[in-house]
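Below, read A as the first sequence line, B as the second, and so on, with proteins coming before strands; counting in each chain starts at 1. The basis for the numbers below is simple: all heavy atoms, side chains too, and nothing from hydrogens, waters or symmetry mates.
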Protein chains: 2
Amino acid sequence: MTRRVNEPIWMRPESVPAGRPNERSRAEITAAAVAIADRDGLDAITMRRLASSLATGPASLYRYVANRDELIDLMVDAVAAEYELGGPSGDWLADLVAFAGQARTIMRRHPWVVPLVIGQPSIGPHSLDLIEHILAVLGDHPAPTGAKLQAFAMLNGVVALFVQNELAGERRRNGQTIAQWQAAQAAYLHHIAAQGRHPRLARAMTPDPAAVAATDDALDLLTARIMEGLLGGAAAATDRD
Amino acid sequence: MTRRVNEPIWMRPESVPAGRPNERSRAEITAAAVAIADRDGLDAITMRRLASSLATGPASLYRYVANRDELIDLMVDAVAAEYELGGPSGDWLADLVAFAGQARTIMRRHPWVVPLVIGQPSIGPHSLDLIEHILAVLGDHPAPTGAKLQAFAMLNGVVALFVQNELAGERRRNGQTIAQWQAAQAAYLHHIAAQGRHPRLARAMTPDPAAVAATDDALDLLTARIMEGLLGGAAAATDRD
DNA sequence: GCAATTTGCGAACACCGATCGCAAAGTAGA
DNA sequence: TCTACTTTGCGATCGGTGTTCGCAAATTGC
């Protein structure tokens, strides 16, 4: 048997019609992994835990996946399949903003993808569909393709940053409850503020009645401004009705 | 001895004037860790390797640091100390752009901080200096403090994304050379393109003579546009001279 | 000198990703 | 049905990881 691990998982056939047949499938394993990560985060994805959640041994997983990173590639691509991609509406900016909105709900559903966005995951078929969709949306746009791809990367990243901010406080850190951790952090901040060498920080710590509320509009505005800035807002007037 | 790990490392005194004195210091350990990470990446930071680079045993490090995460907090804050913060120039946008420029060179010097920007590092004294600086720069700006802090987070994140794009191809993935990995990825892309269901992707793969070149101006423009968008470019006319 | 207190660190533990080799379970052909 | 042949399932195991424990060593105040 040849062990073709040098090519990406997307090019390796999942099974061949010979020998003992698979008892599981990549999709099944991926779904189980996503379920674990949704509940307990990316660190909870260990080969042993995933295996036992599938009622098998850790070694068996390596028949489906060359290593843990490849498993995560599968997970990311599975999440990319959750987008609902319509055709271009004619208003590229609106389409990009709508895409960002979908990205937000998907990232909130799968918080573990947030840190993966900054990184170099192997691009799978569903991720390629996303790229194709963005290129279609920007079909009439005069920018070079490289700029469009970079804009797409930036769009994903900005949404990730936004969601990360939204979800701050829901993740846990090193066994400690996030509440404990935040309380300890706050104690330190007060300590620093009391020293008087950070006056503006100190003033920022008095609770502000007009606190910033993260509404859905906030992301829309943010992404619209950024994409306008990146892809030349002047070329397309974006006020509808 | 009480083991005060519930409060952040910044509040625990580094040493007490009693008993056997420290043979090392947090700064020394942090510097060694940064040196390793600069050369071999964040994964190379193992307690054993760091210890042996300091000619000691792994267990000794836990007299200075509660766990690996705390060590990384120290590293991040050490990098934050590398900024040179001048006073506000009066042009907040220019100051923010200049800050982003510094962030870029610092992140290029320490590529391992890029994935840490998206995350929840414990904010140390030098990071607090950065926040204080940004708040000072935005002192006259009418936006609420929360919005300013979010803009700061977004600024850091965008620079991280930018540097990540710049450095793509310098990191390695799972033993394989990045060249091998990229070649394999490219093979898959060609395979998909040949199937004809991603026409725009296929066209994007024919090498473009007018490829996008990442110049220094690119980041300046990008950050300027984004910060203008976030903090209301209309409120402050930013054309000088 | 003599507690008291703190640090240094070898040894060990639990857990991780990954590999190896063989038994089990199928297919194709006689 | 029997016999290669091929592929999967997976127990056992390896090297490496973060972290803890307990004791010896080093320093202080008395």
Exercise. Among residues 21-48 of chain A, which contact DNA chain C at a heavy-atom distance under 4.0 Å?
Worked result: P21(A), I45(A), T46(A), M47(A), R48(A)

Exercise. Which whole-number value in Å describes the distance from L54(B) CG to dC9(C) C1'?
Worked result: 14 Å

Exercise. Of G19(A) and G57(A), whose nearest nucleotide on DNA chain D comes first from the 5' end?
Worked result: G19(A)

Seminar exercise, completed: Taken to the nearest whole Å, CD/E14(A) to P/dT7(D) is 15 Å

Problem set entry | Within-4.5 Å side-chain heavy-atom neighbours: H126(B) and D129(B) | yes

Exercise. Between the side chains of E70(A) and S122(A), does any donor sit under 3.5 Å from an acceptor?
Worked result: no

For this session: Give the rounded distance in Å between these two atoms: CG of L61(B) and P of dT20(D).
Result: 13 Å

Problem set entry | Integer-rounded Å distance: dT20(D) C1' and Y62(B) OH | 9 Å

Exercise. Does any N or O donor sit under 3.5 Å from an N or O acceptor when you compare the side chain of R20(B) with the base of dT27(D)?
Worked result: no

Exercise. Do the ring planes of F99(B) and Y83(B) sit parallel (below 30°), tilted (30 to 60°) or perpendicular (above 60°)?
Worked result: parallel

Problem set entry | Within 6.0 Å of CZ in R197(A), more than 12 heavy atoms from elsewhere | no

Exercise. Is the side chain of E132(A) donor-acceptor paired with the backbone N or O of R200(B) at a distance under 3.5 Å, no angle test?
Worked result: yes

Problem set entry | Y64(B) side-chain N/O to dG8(C) phosphate OP1/OP2 under 4.0 Å | yes

Exercise. Is any side-chain heavy atom of W10(A) less than 4.5 Å from a side-chain heavy atom of I123(A)?
Worked result: no

Exercise. Under 4.0 Å: is that the gap between some side-chain N or O of T56(A) and OP1 or OP2 of dC10(D)?
Worked result: yes

Exercise. Does any N or O donor sit under 3.5 Å from an N or O acceptor when you compare the side chain of R63(B) with the base of dG8(C)?
Worked result: yes

Exercise. Taking the side chain from E14(B) and the backbone from R26(B), do they hold a donor-acceptor pair closer than 3.5 Å?
Worked result: yes

Exercise. Taking for each residue the nucleotide of DNA chain C bearing the nearest heavy atom, is the 5' side occupied by A18(B) or by S60(B)?
Worked result: A18(B)

Exercise. Whole Å only: how far is the CG atom of D69(B) from the P atom of dT19(D)?
Worked result: 7 Å

